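Notes follow once the structure below has been shown.
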2 protein chains.
Amino acid sequence: MSHFPNHFEENYLKALYKLQRKEIKKVNNIALAKYMELNPATVLEMVRKMADRGLVEILPDKTIQLTSQGEKKALLVIRKHRLWEVFLVEKLDYSWSEVHDLAEQLEHIQSEDLTNRLEAFLEFPAADPHGDPIPDKNGKLRTAAAINLLEGKTGKTYMVKSFGETADSFLDYLAKLSIRPGTLLRVLEWNAYDNSGSIEINNAIIQLSEKVAGNIFVQLHTT
Amino acid sequence: MSHFPNHFEENYLKALYKLQRKEIKKVNNIALAKYMELNPATVLEMVRKMADRGLVEILPDKTIQLTSQGEKKALLVIRKHRLWEVFLVEKLDYSWSEVHDLAEQLEHIQSEDLTNRLEAFLEFPAADPHGDPIPDKNGKLRTAAAINLLEGKTGKTYMVKSFGETADSFLDYLAKLSIRPGTLLRVLEWNAYDNSGSIEINNAIIQLSEKVAGNIFVQLHTT
DNA sequence: ATATATAATTTGGCTAACCAAATTTTATTA
DNA sequence: TAATAAAATTTGGTTAGCCAAATTATATAT
Ligand SMILES: [Mn+2]
Ligand SMILES: [Mn+2]
Ligand SMILES: [Mn+2]
Ligand SMILES: [Mn+2]
């Protein structure tokens, strides 16, 4: 009987969740192994165990996918991680750049009740010190309210959520720029003269007028 | 490379420290194994490793003894354990009877700095919720001030430390009752009528007058 | 001093999480 | 399509912490 089954499992779950969220590519065994800095044989073995436990599904094309149960568990680990980070910064005066490794230890403490009390003690923070949202006790990540792209901060990446205008001419223009819900936009600069923005999209740089940017609603995107 | 070397080692250290403190008997392999609910072969193996690491000494008569280094480490684990217990009770509103098992997990978090910040955050508590003193950052256990036996609480066990009277008649009387420094006394009841106490000593029950009890100084004894 | 109980130690084995080095698929690309 | 690259899988092996069952050594009691 192993002593720390959860510790390992939780790290695999988190890794899988992180990789999956990038949705750039399907997550395969090699990618997971690389990300976790482990040997592919090791990872394959563990992934199979987790499949038996119903946490993961191995699709016909060998893609590794979290089941809804697995995803929930992953989010509950992330919840713990982020709550502890808040604790470290808010209560123990750590700076936000120091807390990740400590949270990596604390996230494995096993007690739902403790986690919930910690959350209450911290007065239900919405996000961790890095701005990442904290899943609720059911593992639900309530999506942050979308903001106007004009409010986007220089250097940050945002995901397009919706638009504030339905005119065909507007939508056609967006289509021409390949902007649609889900598109990632990085704010490079706001130009003071006309409030237009320099935006990076798919490695290209485009200019958006104030009027256009003001009708694009986005959310902060964290890698 | 094992992932949790400290976790195991710390539990052995703590067990050894606890057993050693009873000082009833020398700690041998069997006793340690029984206390930890492990097989003697397992314990012997580990104890030898810890001897190599300089944490433990195996005396010629096979007694297992913490080295000063080992004792310090044990006390630092106990420090973490008790600080986390204070945190759980003071900040997360747990009752003192619920916190031990959680602290058993939290005591293994590795970060001296975190421990020290936690201590500061809790405003340097002298004792944990069960009244046990908290070692300082050097693993030094400052002995709690002795209290008058009259202040002893019903049900608690105290160790005799010193006396407030040197008259021969007093000391002779104590001798007759087998009370000397180191003796354990359990307060069963304080009798309101004459402030005398019913005290358990070596499985016998004796009565101590207010005058006698008032000249016995004790300290809380924790098993 | 001998029998007997207790403690210490050895031996052989288990499991979980890991790795390196094949080998076998499965994709890509020419 | 044949050659090649990449991914998946298998095989054999390691280590730490654990156990059961022998064996050997040391006490204890008669
Ligand atoms: Mn983090
Ligand atoms: Mn972790
Ligand atoms: Mn405790
Ligand atoms: Mn412990």
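All values derive from a computational prediction rather than experimental measurement. Convention: sequence-line order gives letters A, B, ...; per-chain numbering from 1.
- Taking the charged nitrogens against the carboxylate oxygens, Glu107(A) and Arg79(A) have no contact shorter than 4.0 Å, which rules out a salt bridge.
- Dashed line: the shortest gap from a side-chain N or O of Asn39(B) to OP1 or OP2 of dC18(D) is not under 4.0 Å.
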Side chains of residues 58-67 of chain A: which donor-acceptor pairs under 3.5 Å do they make with residues two or more places apart or in other chains?
| residue | atom | partner | partner atom | Å |
| --- | --- | --- | --- | --- |
| Asp61(A) | OD1 | Thr63(A) | N | 3.2 |
| Asp61(A) | OD1 | Thr63(A) | OG1 | 3.0 |
| Asp61(A) | OD2 | Thr63(A) | OG1 | 2.9 |
| Thr67(A) | OG1 | Gly54(A) | O | 2.7 |
| Thr67(A) | OG1 | Leu55(A) | O | 3.2 |
| Thr67(A) | OG1 | Gln69(A) | N | 3.4 |
| Thr67(A) | OG1 | Gly70(A) | N | 2.9 |

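- The NE2 atom of His7(A) sits 10 Å away from the P atom of dC18(C) (whole-angstrom rounding).
- Annotation: salt bridge (charged side-chain N to carboxylate O under 4.0 Å, His left out) contacts involving residues 109-118 of chain B, sequence neighbours excluded, comprise Asp113(B)-Arg117(B).
- Between Asn6(B) atom CG and dA16(D) atom P there is a gap of 14 Å when expressed in whole angstrom units.
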Within the sub-3.5 Å range, which N or O atoms of nucleotides 6-9 of chain C have a protein N or O partner, and how far apart are they?
| residue | atom | partner | partner atom | Å |
| --- | --- | --- | --- | --- |
| dA8(C) | OP2 | Ile30(B) | N | 3.3 |
| dT9(C) | OP1 | Lys62(B) | NZ | 2.8 |

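- Distance CG (Asp52(B)) to P (dG17(D)): 13 Å, rounded to an integer number of Å.
- One side chain, His100(B) or His81(B), offers a donor N or O that lies under 3.5 Å from an acceptor on the other.
- Distance, Phe8(A) CZ to dT15(C) P: 17 Å, rounded to whole Å.
- Atom CE in Met36(B) sits roughly 11 Å away from atom P in dG17(D) (whole-Å rounding).
- Here salt bridge (charged side-chain N to carboxylate O under 4.0 Å, His left out) pairs that include residues 81-96 of chain A, with residues two or more places apart or in two chains, are Arg82(A)-Asp128(A).
- Listed by first and then second residue, the side chain to side chain donor-acceptor pair (under 3.5 Å) pairs involving residues 29-41 of chain B amount to none (not counting sequence neighbours).
- What separates CG of Leu38(B) from P of dA20(D) is a distance of 11 Å, to the nearest Å.
- Side-chain nitrogen and oxygen atoms of Thr42(B) include at least one within less than 4.0 Å of the OP1 or OP2 phosphate oxygen of dC19(D).
- Taking atom CD of Glu45(B) as the reference point, atom P of dA20(D) lies 14 Å away to the nearest angstrom.
- Nucleotide dG17(D) holds its P atom 9 Å from the CD atom of Glu9(B), rounded to whole Å.
- For residues 40-53 of chain B, the set of pairs meeting the side chain to side chain donor-acceptor pair (under 3.5 Å) definition, not counting sequence neighbours, comprises Glu9(B)-Arg53(B).
- Taking side-chain N and O atoms only, Tyr12(A) has no distance below 4.0 Å to OP1 or OP2 of dA16(C).
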